[in-house]
Enquirer: 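Quick one: the structure is below, and I'll ask about it shortly.
All values reported here derive from a predicted model rather than from experimental measurement. The residues of the chain are indexed from 1 along the displayed sequence. Each ligand, and each atom within it, is numbered from 1 in the order the structure gives.
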Amino acid sequence: MDYVSTRNSSNTFKFRDVFIKGLADDGGLFIPKSLHKFNQNDLTEFKNLDYKELAKKIIYPFIGDFMNKNDLSKIVDKSYSAFRKKNVVDLVKVGDRSVLELFHGPTLAFKDVAMQLLGNFYEYYLNNENKKINIVVATSGDTGAAAIDAIKGKKNINIFVLHPNNRISSVQRKLMTTGKEKNVFNIAVDGSFDDCQNLVKAMFIDKTFANEIKMSGVNSINWARIIAQSVYYFYSYFLIEDNNKPINFSVPTGNFGDVYAGYLAKKIGLPINKFVVATNQNDILHRAIMNGSYNVESVLETISPSMDIQIASNFERLIFDLNDHSDKKTIDVMKKIKEKGKYQIQKESLDKINVDFLSSRMDENEILDTIKAVYEQFDKVLDPHSAIGYGAFDKVNLKGNNIVLATAHPCKFPSAIEKAINIKTELPDELLFILDEKENYDIIDNDLNKIKQYIQEKI
Ligand SMILES: *Cc1c(COP(=O)(O)O)cnc(C)c1O
């Protein structure tokens with residue numbers, strides 16, 4: 001499969017570059033030049049597969065020139081053996097909708113599903129190439145822990161994680177900072193997640209620096225993450241497929257990565273009806289999808305910190321699609337967003353968006369009320385992010401089979417849960433030790449040069 005950048009569609013790349021670079025040199029995002037489509041026979045075959053076998057079928061066409069089927073098979077089996085569910089995810093009925101629990105991996109959020117695979121992709125790449133790599137990644141709380149768990153202790157690779165100081169839950173922080181492996185470095189940046197993300201982007205764009213430290217990225221723009229995440233849309237779809245009723249997904253959204261993975265599943269043949277882009281008060285995507293105004297505002301801190309984002313990086317992939325894969329038009333739009341913080345989506349494009357996407361927004365009280373209502377009616381505890389996804393179906397009118405993505409385990413957000421239903425959530429037994437463990441992280445100003453210097457000193 002050939003890939004191009006959203007900002008230059010004449011140069012092509014192979015999956016290996018797409019994976020290792022993360023972001024294209026021109027600042028654009030990688031995207032397949034053209035997509036294969038699974039047909040009805042494929043889908044019928046897929047329906048009977050367990051999660052791991054299904055993952056192999058869906059991922060292979062995207063990466064066939066990086067590794068053969070046999071190697072992919074071993075890596076998928078190894079990656080998903082770290083999960084507490086045999087089939088990686090779990091689909092449970094909660095009231096009139098189904099909840100797709102994606103948090104049964106080592107760090108209790110859906111990010112593990114892609115990241116465990118990526119960790120083993122890196123190992124495979126480094127074994128074959130005899131190279132060293134430094135991963136630098138920004139996290140709104142969950143990506144960092146998932147990436148650290150996937151990379152810790154691996155040879156020839158270090159990981160530097162930037163999180164917004166004091167803006168993630170303490171369980172989220174402890175899942176990142178209590179490891180003892182020497183190849184893991186945690187940086188608490190005095191700033192927001194968007195600041196962290198901008199710092200990482202700036203380091204990538206500084207080619208001298210990026211080449212010097214052999215930098216690689218695992219942020220949600222990494223295409224490898226998107227393809228790994230598209231698998232659970234297929235898997236859950238087949239679990240409830242009912243030929244007469246449309247299937248809709250509600251996706252708690254920050255960087256537009258997870259919901260884009262669903263959209264990709266649709267584009268390669270899974271007949272999903274609609275996606276609901278569910279946001280918290282940081283509702284730039286809701287405003288964009290409702291009335292076309294993609295206007296960046298300042299980030300508000302909420303009880304769903306993994307979605308406290310105003311610059312939804314993966315949205316550029318949708319912008320590229322809406323502009324008929326024109327790199328020129330995409331560059332123009334991205335420039336406007338960067339310079340003015342504003343982009344008015346034209347009516348025609350908005351109509352196209354609305355074929356696939358609806359949206360909703362929840363404020364803090366609505367999230368707490370949803371957690372409470374779901375607990376009282378169905379004896380089920382949802383974390384604040386998953387509650388945003390659950391409640392979204394009450395705000396939009398979609399008939400059919402409605403699936404909510406539950407993106408994190410409630411125990412990652414104990415104070416929000418306590419506030420909503422006065423219950424103390426517990427970590428799974430095997431993770432309880434992190435609560436008393438010594439933490440390792442360094443607090444650094446929101447200053448590009450200081451962060452670069454820190455990384456250079458550590459490697
Ligand atoms: C990262 C994250 C999200 C948002 O996912 P995106 O791919 O950034 O849209 C939602 N919920 C949780 C718990 C997360 O960790």
Enquirer: Residues in side chain to side chain donor-acceptor pair (under 3.5 Å) with N158, at least two apart?
Expert: N134

Enquirer: Can you find a side-chain donor-acceptor pair between T302 and Q281 that sits under 3.5 Å?
Expert: no

Enquirer: Can you tell me which residues line ligand 1 if we count any heavy atom under 4.0 angstrom from one of its atoms, in chain and number order?
Expert: F110, K111, D142, P252, T253, G254, N255, F256, G257, D258, S306, M307, H385, T407, A408

Enquirer: Once you measure the plane-to-plane angle for F234 and F238, does it fall in the parallel (<30°), tilted (30-60°) or perpendicular (>60°) bin?
Expert: tilted

Enquirer: Evaluate salt bridge (Lys or Arg N to Asp or Glu O under 4.0 Å) for K424 paired with E418, printing each intermediate quantity in order.
Expert: CA-CA 6 Å; K424 288 209 191 320; E418 196 169 354; 2.9 Å; yes

Enquirer: Check Q172 against S140 and note the closest heavy-atom contact, atom names and distance.
Expert: NE2-O, 4.1 Å

Enquirer: Just so I know, are the side chains of I303 and L368 near enough to count as touching, which here means a heavy-atom distance under 4.5 Å?
Expert: yes

